[in-house]
A.B. asks: 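Dumping the structure here so I can ask a few things about it.
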Protein chains: 2
Amino acid sequence: MKRQKRTTIYDIAQKLNLAASSVSRALSDSNKINAETKALVLKTAAEMNYQQNAMASNLRKGNNPTIGVVVPRINQYFFSNVIAGLEEITFKKGYNLVICQSNELHAREVEGVNALVNQNVSCIVISIAAEKGSSDHLQQVLDRNIQLIQFDRVVAGLETLKVLNDNRKGAYEAVVHLIEQGYRRIALLEGPQELHIFRERKEGYIAALNDHGFPVLPELMYANAWTKELGAEATSRLLDMQDPPDAIFASTSDFAALGVLEVASNKGIRIPEALGICGYSNEPFTEITSPSITTIDQFSVEMGKTIGNLHFQEMDHFGPKDSIKTVNVTPKLIVRKSTQRKQQ
Amino acid sequence: MKRQKRTTIYDIAQKLNLAASSVSRALSDSNKINAETKALVLKTAAEMNYQQNAMASNLRKGNNPTIGVVVPRINQYFFSNVIAGLEEITFKKGYNLVICQSNELHAREVEGVNALVNQNVSCIVISIAAEKGSSDHLQQVLDRNIQLIQFDRVVAGLETLKVLNDNRKGAYEAVVHLIEQGYRRIALLEGPQELHIFRERKEGYIAALNDHGFPVLPELMYANAWTKELGAEATSRLLDMQDPPDAIFASTSDFAALGVLEVASNKGIRIPEALGICGYSNEPFTEITSPSITTIDQFSVEMGKTIGNLHFQEMDHFGPKDSIKTVNVTPKLIVRKSTQRKQQ
DNA sequence: TTTATAATTGCAATCGATTGCCTAAAATAT
DNA sequence: ATATTTTAGGCAATCGATTGCAATTATAAA
């Protein structure tokens with residue numbers, strides 16, 4: 001095994017009898033260098049198999065063209081799509097993408113953020129963990145003048161860029177759709193109210209009911225039905241009521257909606273005739289259940305791209321002080337069989 | 001906005017009237033430093049909000065505790081799970097994870113790999129793009145003495161660490177299962193044969209047929225049925241044969257299997273009685289189709305962990321020269337309704 | 001008390017690329 | 001022919017942390 005030491009600009013300089021600074025200028029396409037010299041350097045660099053040492057360059061330049069991402073789980077449909085969209089943009093700009101997952105734990109989130117700060121990344125993109133905790137670590141990011149973009153799940157108090165889905169609107173439209181389909185007792189499966197996304201969806205639900213003259217009934221709002229299992233349990237309870245709902249809006253996730261679907265199917269309840277079901281997120285599987293599930297698409301890949309563009313836009317045009325802006329991505333209702341009981 | 005300059009070890013040294021080297025020793029927990037001094041430095045560092053500059057440290061130490069990952073698509077179930085598993089390990093070791101996606105394009109793969117080489121990462125983990133191309137970029141990684149771990153889709157000629165699924169075995173077991181269920185004319189949906197994973201699955205299919213005295217019929221092997229759409233098309237063709245298959249093994253993916261399922265259902269063919277269907281990958285949706293789809297689990301999260309462990313193991317115990325090892329992850333057949341026509 | 005040894009700490013070079021400043025040569029203007 | 005401006009390229013400092021070596025002090029041994 002030939003341990004082939006890395007070629008540096010000094011090696012190139014020596015070979016060509018130049019100063020390292022000239023080599024550097026040639027490689028960085030500076031205009032303070034003769035065209036012929038530049039060409040010669042470029043040619044020699046290629047021959048010598050030169051690859052820039054990014055660490056040295058970044059150190060000197062005092063910045064690291066890298067964006068750090070911290071999400072609860074990388075392998076969750078929504079997040080992996082956001083990351084894919086973001087990568088699309090960062091790659092074009094020659095930026096690197098460093099990824100951490102918090103596993104919904106606050107301590108891990110803090111560790112991840114600190115590691116990124118150490119790396120002196122130029123931006124940290126985060127969707128916070130469900131576990132509650134202080135936001136000192138995020139405040140530190142700001143204090144260190146590193147751009148911070150929160151998305152989806154955000155901390156309210158911090159003055160940062162935010163990219164959000166309009167959860168209120170998504171939920172509102174879903175409920176309006178249910179009303180239009182003739183459902184009259186629409187139940188809500190809620191998520192943990194610590195996360196604003198779930199509060200907003202609840203608001204949308206309530207607003208839609210209010211706007212259409214429907215009563216908001218506490219007995220139809222079921223807390224913490226976050227997973228498929230919890231969704232299933234909630235459904236059992238709701239359907240056992242003396243006056244059960246005729247539609248269930250699983251505002252937490254499509255997984256909860258799937259739980260609803262399974263329980264209702266097992267009970268022999270006809271969907272969508274006797275029970276309407278609507279989920280949230282447009283997970284791929286919602287299309288292939290029987291019946292297919294009405295849900296809300298969050299444009300996750302788009303969201304990732306929006307985040308990336310926002311970063312570069314802000315870098316180019318404004319100083320960090322202007323960075324207290326919120327971009328909303330509008331979700332879209334995807335109507336499928338589980339709520340379609342009127343003919344189109 | 002207070003542009004708060006980063007605290008360096010020099011700032012700490014100055015404040016405490018020490019040399020920077022002593023501060024460095026205290027922070028790195030060297031044994032060449034007095035315990036009291038160390039404590040004082042640590043305390044002061046915390047007060048001054050010190051965060052190490054990883055770029056400077058890495059430059060000096062000549063290594064970057066980072067693993068780079070290049071995959072075709074981040075937001076594909078299999079890959080996002082591998083990455084999640086890998087992150088689990090790297091995080092524990094304090095390593096960073098940098099991600100690139102090739103989008104199945106060779107040129108982008110090369111670019112991504114080069115960017116990682118520039119970063120001087122200590123390991124590159126890659127699953128190659130479907131698009132064909134030279135593997136010079138990978139050879140360069142080796143020449144530069146950077147560890148290279150290929151997984152899932154690998155280039156044969158290169159002497160690198162590899163983490164693979166035993167695709168042959170997975171396919172073999174699936175076909176044996178189909179035979180045991182009484183299926184007699186088992187068709188195969190093949191993937192692009194440039195990728196060895198698809199060649200191996202085909203081998204497994206053929207071997208199982210041979211071992212059980214079944215003929216291998218070219219007319220039952222359908223090339224390039226990679227996606228749901230292609231799987232659907234293949235199914236139409238196969239079922240229109242004068243002597244159609246009674247089972248279809250979609251060795252390419254569960255998506256292809258889904259295409260099979262939809263076409264067969266629409267034709268009113270009863271599954272699993274008249275047609276058995278088996279996919280590959282254990283995508284989440286296979287559990288919730290009707291009927292649920294028999295498939296092969298690749299233990300993707302485990303695979304990611306295996307990759308991570310392999311890296312650190314090799315680092316600890318061997319020099320890079322020993323790094324020509326292949327680790328196989330054994331897949332597991334998940335039997336579901338789409339192939340169960342005998343009572344258990 | 002003197003010498004040998006160990007424990008601390010400081011000094012300065014180093015990792016590799018970038019960049020402000022300066023000089024020499026070449027090009028242009030007077 | 002002389003003065004002025006450009007252009008090209010070199011020198012050396014710098015980014016921030018690490019580390020081999022030397023220097024100093026404290027401790028132990030003789």
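Computed from a prediction, not measured in an experiment: that's the story for all the values here.
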A.B. asks: Which residues pass the salt bridge (Lys or Arg N to Asp or Glu O under 4.0 Å) test with Glu194(B), sequence neighbours left out?
C.D. replies: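 Expected list: none.
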A.B. asks: Using a heavy-atom cut-off of 4.0 Å across all strands, would you classify Asn64(A) as base, sugar-phosphate, or nothing?
C.D. replies: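 If one applies the 4.0 Å heavy-atom cut-off, Asn64(A) turns out to touch nothing in the nucleic acid.
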A.B. asks: What parts of residues 19-30 of chain A reach DNA chain D, counting only heavy atoms under 4.0 Å away?
C.D. replies: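 The stretch gives Ala19(A), Ser21(A), Ser22(A), Arg25(A) as the residues lying under 4.0 Å from the strand, ordered by number.
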A.B. asks: Only distances under 3.5 Å count here; give the side-chain donor-acceptor pairs of residues 29-38 of chain B to other protein atoms, sequence neighbours excluded, each with its distance to 0.1 Å.
C.D. replies:
from, atom 1, to, atom 2, distance (Å)
Asp29(B), OD1, Lys38(B), NZ, 3.0
Ser30(B), OG, Lys32(B), N, 2.9
Asn34(B), OD1, Glu36(B), N, 2.7
Asn34(B), OD1, Thr37(B), N, 3.4
Lys38(B), NZ, Ser30(B), O, 3.4

A.B. asks: Are Ile149(B) and Cys123(B) close enough that some pair of their side-chain heavy atoms sits under 4.5 Å apart?
C.D. replies: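 They are in side-chain contact.
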A.B. asks: Excluding sequence neighbours, so at least two apart, what forms ring pair (Phe, Tyr, Trp, His ring centres under 6.0 Å) with Phe91(B)?
C.D. replies: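 Per chain and number, Phe91(B) pairs via ring pair (Phe, Tyr, Trp, His ring centres under 6.0 Å) with no residue.
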A.B. asks: Going 5' to 3' on DNA chain C, which nucleotide is the first and which the last to come under 4.0 Å of a heavy atom in chain A?
C.D. replies: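 Nucleotide range with atoms under 4.0 Å of chain A: dG16(C) to dC21(C).
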A.B. asks: Not counting sequence neighbours, which residues clear side-chain hydrogen bond (donor to acceptor under 3.5 Å, both in side chains) with Lys162(A)? List them please.
C.D. replies: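 None.
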A.B. asks: Among residues at least two apart in sequence or on other chains, which ones pass ring pair (Phe, Tyr, Trp, His ring centres under 6.0 Å) with His106(A)?
C.D. replies: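 Result, ring pair (Phe, Tyr, Trp, His ring centres under 6.0 Å) vs His106(A): His137(A).
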A.B. asks: To check you understand the geometry: which heavy-atom pair defines the closest contact between Val121(A) and Thr66(A), and what is its length?
C.D. replies: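 Here Val121(A) and Thr66(A) meet closest at CB-O, 3.4 Å.
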A.B. asks: Enumerate donor-acceptor pairs with a distance under 3.5 Å from any side-chain N or O in residues 76-83 of chain B to protein atoms, sequence neighbours excluded.
C.D. replies:
from, atom 1, to, atom 2, distance (Å)
Ser80(B), OG, Tyr77(B), O, 3.3
Asn81(B), OD1, Asn75(A), ND2, 2.7
Asn81(B), ND2, Tyr77(B), O, 2.8

A.B. asks: Start at the 5' end of DNA chain C and walk down; is the nucleotide closest to Ala35(B) or to Lys61(B) reached first?
C.D. replies: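 Looking at the nearest nucleotide for each, Ala35(B) comes out on the 5' side.
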A.B. asks: Identify whether any heavy atom of Asp11(A) sits under 4.0 Å from a base atom; if not, whether one sits that close to sugar-phosphate; answer base, sugar-phosphate or nothing.
C.D. replies: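 The residue Asp11(A) makes no contact with any strand.
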A.B. asks: So which pairs with a foot in residues 107-120 of chain B pass salt bridge (Lys or Arg N to Asp or Glu O under 4.0 Å), sequence neighbours left out?
C.D. replies: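 Sorted pair list: Glu87(A)-Arg108(B), Glu88(A)-Arg108(B).
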A.B. asks: Between the protein and nucleotides 22-28 of chain D, which nitrogen or oxygen pairs are less than 3.5 angstrom apart?
C.D. replies:
none

A.B. asks: Want to settle it: does Lys38(A) or Gln52(B) sit nearer the 5' end of DNA chain D, counting the closest nucleotide to each?
C.D. replies: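 Final value for this comparison: Lys38(A).
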A.B. asks: Under 4.0 Å, counting only non-hydrogen atoms across every strand here, what does Ile33(B) touch: a base, just sugar-phosphate, or nothing?
C.D. replies: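 The answer is sugar-phosphate, as Ile33(B) gets under 4.0 Å only of primed atoms, P, OP1 or OP2.
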A.B. asks: List the residues meeting side-chain hydrogen bond (donor to acceptor under 3.5 Å, both in side chains) with Gln51(B), not counting sequence neighbours, and say none if there are none.
C.D. replies: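 So Gln51(B) forms a side-chain hydrogen bond (donor to acceptor under 3.5 Å, both in side chains) with Asn114(A).
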A.B. asks: State which residues pass ring pair (Phe, Tyr, Trp, His ring centres under 6.0 Å) with Tyr95(B); sequence neighbours excluded, sorted by chain then number.
C.D. replies: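 Listed in chain order: His311(B), Phe312(B).
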A.B. asks: Could you check how far CD1 of Ile9(B) sits from C1' of dT19(D), rounded to whole Å?
C.D. replies: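 From Ile9(B) CD1 to dT19(D) C1': 11 Å.
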A.B. asks: How do Thr37(B) and Arg60(B) order along DNA chain C: which one's closest nucleotide is nearer the 5' end?
C.D. replies: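 In this pair, the answer is Thr37(B).
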